[in-house]
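Have a look at the structure below before the remarks.
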Amino acid sequence: MKIKGWKVSPSPFIQTRPTIATMAQLQTVCLLPVLVLLLIDRDISAVVNILLSIAGCLATEVCMRLVDKKVSRGHINFVLTGLLTGLLLPSSYPPVMAFGASFAGSFFSRGIFGGTGANWMHPSAVSVGIAYIGYPAVFPGFLVSPDSIRTVGDAFGALRLDSFLLAQNDQSVAAALNSSFLSFFDIRIPEGYVTLFWRSPSVIPAVRYNFLILISSIILIGAKALDWIVPLVSLTVYSLLLFVISLFPLNDTLFSGDILFGLLTSGILFTVFYILSDPSTLPRTGTGKICTGIIAGILFFIMCGPGGSSSGALFSVLLANSVVPVIEKIEKKIYLASRKAL
Amino acid sequence: MIISTPFVRGNERIITEFPDALSEENAYLPSVAYIPLQQQGAELKPVVAQGDSVREGQLIARALGESSAHVHSPIPGILECYRPVPMPDGTTSTAAVVRLSGSFDIIGRKEENYPWEYVSETEIVRVLEDKGVINTFSDPVPLVPSLRKARQTGSQSLMLRLFDPDPTCRLDSLLVKSRLPSILEGTALIAKSMNAGSVYILYNTKHSMLPATSELESLFPGKKLVQIKCPHIYPSGNSEHFKNILKKNPEKNQTSPVMIDPVCAISSYEAVVRNHPVMYRYVLFSGPSLIKPAVLKCRIGTPIGDLIEECGGFKTTPSRIVINGLITGNSVYDLDTPITAYTKSVHIMDHDTCPEYRIHDCIHCGLCLGVCPSHIDPMGTVSGIRKESFTDDVKSAIKECQHCGCCAMVCPSRIPLHHIIHEAGTRIMEANR
């Protein structure tokens with residue numbers, strides 16, 4: 001049957017969700033304070049990498065316009081993709097290669113996967129994957145060695161052993177938190193966690209400012225600009241695994257993993273909120289999203305272990321993205337079966 | 001007053017703001033009325049020639065079949081001409097242009113009180129037909145054919161909905177508050193005219209308050225009266241909802257019920273008890289761009305521009321004028337658009353509240369899937385329609401779609417999913433004919 005001449009009205013005149021353009025704008029604005037902090041910290045090479053990554057995505061946009069006429073009309077998704085790519089690259093990564101990786105990753109995603117809504121893997125994750133293959137030496141390894149953990153007994157202790165510099169106000173802020181807010185819950189945080197929260201020691205900018213990432217994520221979830229199911233499930237699964245079995249292979253102890261250390265030193269907060277939560281790369285039903293979250297949480301644990309690996313989280317996302325088509329196939333069958341049963 | 005209406009599925013809410021108190025006033029009579037001759041989808045036959053004078057309530061166009069209802073002049077005057085006018089549903093129709101002059105036959109006269117309880121069902125049906133009563137439960141249709149069909153097929157149910165299916169168009173709820181006795185009496189006479197065995201009254205606690213059961217039983221003698229409390233959710237009160245209710249209340253010889261709304265009940269009451277043809281409508285004027293929101297009793301054919309002026313005019317530059325609710329309504333672009341028999345509300349939007357309409361590619365978020373009350377996959381169905389791949393799943397989804405717009409309301413890409421599905425359904429039906 002050939003159908004021509006659709007008659008479509010602009011109703012409804014009320015919306016309960018922001019547009020994709022607004023979502024991209026909000027996410028970009030929420031990441032701007034990170035750029036400001038990078039400038040304050042005088043990490044100019046990181047800022048240059050970010051700008052060149054954005055330029056790489058812009059170049060893809062121009063190429064797609066010339067080649068395929070596939071244009072993301074008006075919204076600034078390419079800026080966000082470039083920004084995320086730049087933030088995930090180590091500060092010492094060669095700028096020209098940053099541009100190339102960003103261009104190649106976004107071009108591959110747009111050209112092969114199909115771009116907005118059709119991406120199998122997150123374009124920034126693909127770009128960083130290409131960057132890693134191009135120059136793996138600059139990507140940092142684990143912050144702490146297994147031997148150090150075995151010696152000290154916990155991951156954070158091992159980090160402090162390896163000349164970890166505390167922030168200037170770490171002691172006073174930790175003392176203030178312990179005596180006020182945390183005293184109600186009978187919890188005490190030792191010195192050093194405030195530093196990890198405020199400025200974690202990593203060459204990758206995305207891993208550094210955990211406090212900003214957490215606050216911006218809460219704002220984005222509140223504004224309905226971010227999906228919360230997958231981040232919440234994956235963080236919960238990773239935290240549980242980390243707490244229960246992370247130290248078992250090293251010193252045969254259970255239920256003694258350091259969740260905060262794992263979350264604050266692996267870039268997992270940034271990865272789950274800004275990369276993993278991209279709806280293009282996720283299943284569409286709640287059950288499918290929960291399954292993906294569980295798989296991602298397990299992969300985080302496999303790749304990052306007790307914490308301290310800045311790039312493991314990103315490769316976990318790429319692996320999690322690769323199983324999503326299978327989950328989607330199953331969820332479609334389940335959804336159709338449940339519809340017929342109604 | 002902020003009204004928050006949750007969706008049937010998904011954790012979404014429709015938030016609408018209305019003034020706490022709304023005045024109900026008679027609108028000024030229009031100096032010129034544009035009375036559309038195509039208010040229910042079918043053309044009518046004009047019976048008054050250009051230049052003739054018409055009396056208030058005089059028949060000016062006769063129905064040409066079961067798909068149209070007679071149209072009467074809402075004001076006395078001279079019929080100047082017939083000319084095309086923009087309609088609230090976005091179409092264009094021929095309208096009789098009547099310039100106000102002469103004396104009034106209905107306004108200012110003593111109200112009649114016809115004892116309908118003592119007349120036959122056929123007589124009530126005849127009066128309803130003569131007065132041009134239409135049913136505005138969903139798409140406007142003449143009331144009488146459905147009553148006749150109900151009598152022929154033995155359908156024994158009448159359903160009255162006492163709340164708005166679109167929570168952003170609050171007229172039905174407001175009428176229930178101010179004119180419940182007329183609504184119930186109008187329903188009672190419709191029930192009598194179709195010889196209904198059972199009368200279902202659907203109300204929701206947030207907006208409607210029913211009289212005592214004994215009072216209701218005296219109004220509907222010999223009829224099974226079922227009061228159904230509906231939750232304050234969206235979508236609720238549409239024909240799909242009513243069919244589900246009937247499934248839960250199986251009765252012998254049950255076919256599709258006659259479903260009416262407060263506007264139709266009031267029209268029937270006015271037609272039979274007061275002997276007034278359909279000449280006016282209560283219309284809710286609201287929106288952030290309007291100075292004084294109000295419910296106006298307007299003559300049919302009054303240009304909405306005149307009525308907006310009566311509400312104080314525009315507070316800010318309007319971005320859209322939406323007729324009959326923000327979810328299911330239509331946007332009009334001409335202030336000369338007349339009030340019709342199916343106009344319930346006029347909402348003036350400002351630039352802050354008007355959503356962005358640029359359509360983007362689907363981002364695969366699955367929100368439409370999570371909120372659909374019919375459990376269909378709206379985006380999957382639209383993809384099928386776009387590819388012209390009408391599989392069994394796509395066809396059944398098109399059939400089951402309630403056209404409620406939940407999917408389009410949550411869509412971050414602003415794809416008008418429900419319209420595409422509805423249009424495809426219409427085209428398939430046309431192709432099958």
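Throughout, a chain's letter reflects where its sequence line sits, starting with A, and its residues are numbered from 1.
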Chain A contact residues among residues 396-404 of chain B, heavy-atom distance under 4.5 Å: Ser396(B), Ala397(B), Glu400(B)
Straight-line distance of Leu369(B) CG to Lys332(A) NZ, nearest 0.5 Å: 11.0 Å
Gap between atom CD1 of Ile14(B) and atom CD of Gln15(A) - 0.5 Å precision: 11.0 Å
Over all atoms of both residues, closest heavy-atom pair of Pro18(A) and Arg414(B): C-NH2, 4.0 Å
Gap separating the CZ atom of Arg284(A) from the CD1 atom of Ile363(B), nearest 0.5 angstrom: 11.5 Å
Side chain to side chain, Arg17(A) and Cys365(B), heavy atoms closer than 4.5 Å: no
Segment of Lys289(A) engaging chain B (4.5 angstrom heavy-atom cut-off): side chain
Heavy-atom pair of closest approach, residues Arg320(B) and Pro10(A): NH1-CG, 3.9 Å
Ser11(A) backbone acceptor or donor facing His419(B) side chain under 3.5 Å: yes
pair His418(B)-Pro12(A): side-chain heavy atoms closer than 4.5 Å: yes
For Tyr274(A), all residues meeting ring pair (Phe, Tyr, Trp, His ring centres under 6.0 Å), sequence neighbours excluded: Phe270(A)
Part of Val322(B) lying under 4.5 Å from any heavy atom of chain A: side chain
Side chain / backbone / both / neither for Ile14(A) at chain B, heavy atoms under 4.5 Å: both
Top of Gly370(B), Gly380(B), Gly90(B), Cys362(B) for chain A proximity - count of heavy-atom pairs under 4.5 angstrom: Cys362(B)
Between Cys411(B), Gly405(B), Pro355(B), Cys354(B), the one whose heavy-atom pairs under 4.5 Å with chain A are most numerous: Pro355(B)
Reported CZ-to-CD1 distance for the pair Phe13(A) and Ile321(B), which is rounded to 0.5 angstrom: 11.5 Å
Atom NZ of Lys224(A): over 12 foreign heavy atoms under 6.0 Å: yes
Part of Glu331(A) lying under 4.5 Å from any heavy atom of chain B: neither
Spacing of Asp392(B) atom CG and Leu336(A) atom CG [to the nearest 0.5 Å]: 11.5 Å
Spatial distance of atom OG1 (Thr16(A)) from atom CG (Leu367(B)) [nearest 0.5 Å]: 7.5 Å
